[in-house]
Amino acid sequence: MPGYRRGNDEMSLPRDDLNAADITDFIDSCAGFPNARYDDDVDAWSQCMNWLSTKTVRPARVYSSFA
């Protein structure tokens with residue numbers, strides 16, 4: 001999640017006083033999922049996380065055909 005993080009935890013919750021209101025609203029939506037009235041953004045985020053977790057990471061190309 002974007003915002004203030006402490007340490008290497010990629011899923012840590014940012015502090016409300018250091019972030020924009022839309023970040024705080026998204027975290028509140030996540031907390032109310034799946035019983036929240038508007039949960040489309042949480043559905044999209046969770047599908048994206050599932051999709052990204054299935055992707056394999058390939059090493060970067062370290063050569064160039066132009067060199």
Side-chain angles (χ1 to χ4, degrees):
M1 285 185 219
Y4 177 81
R5 288 188 224 136
R6 186 171 293 192
N8 292 328
D9 186 8
E10 290 294 326
M11 294 296 183
S12 62
L13 295 175
R15 286 181 31 194
D16 290 347
D17 58 336
L18 298 176
N19 294 295
D22 55 346
I23 303 266
T24 305
D25 289 342
F26 177 71
I27 292 170
D28 290 341
S29 295
C30 290
F33 186 80
N35 299 322
R37 183 171 182 179
Y38 305 105
D39 60 356
D40 293 338
D41 52 351
V42 182
D43 282 332
W45 178 78
S46 64
Q47 289 175 15
C48 178
M49 292 295 110
N50 288 333
W51 182 78
L52 288 173
S53 69
T54 63
K55 299 298 164 198
T56 57
V57 178
R58 297 184 205 146
R61 188 174 75 185
V62 293
Y63 64 90
S64 173
S65 59
F66 298 108

Can you list, pair by pair, the side-chain donor-acceptor contacts under 3.5 Å of residues 51-59, counting residues two or more places apart and other chains?
residue : atom : partner : partner atom : Å
S53     : OG   : M49     : O            : 3.4
S53     : OG   : N50     : O            : 2.8
T54     : OG1  : W51     : O            : 2.7

Discussion item. Using 0.5 Å steps for rounding, measure from the SG atom of C30 to the CH2 atom of W45.
Written reply: 5.5 Å

Worksheet, complete the sentence: Scanning both residues in full, the closest heavy-atom pair of D41 with S29 reads OD2-OG, 3.8 Å

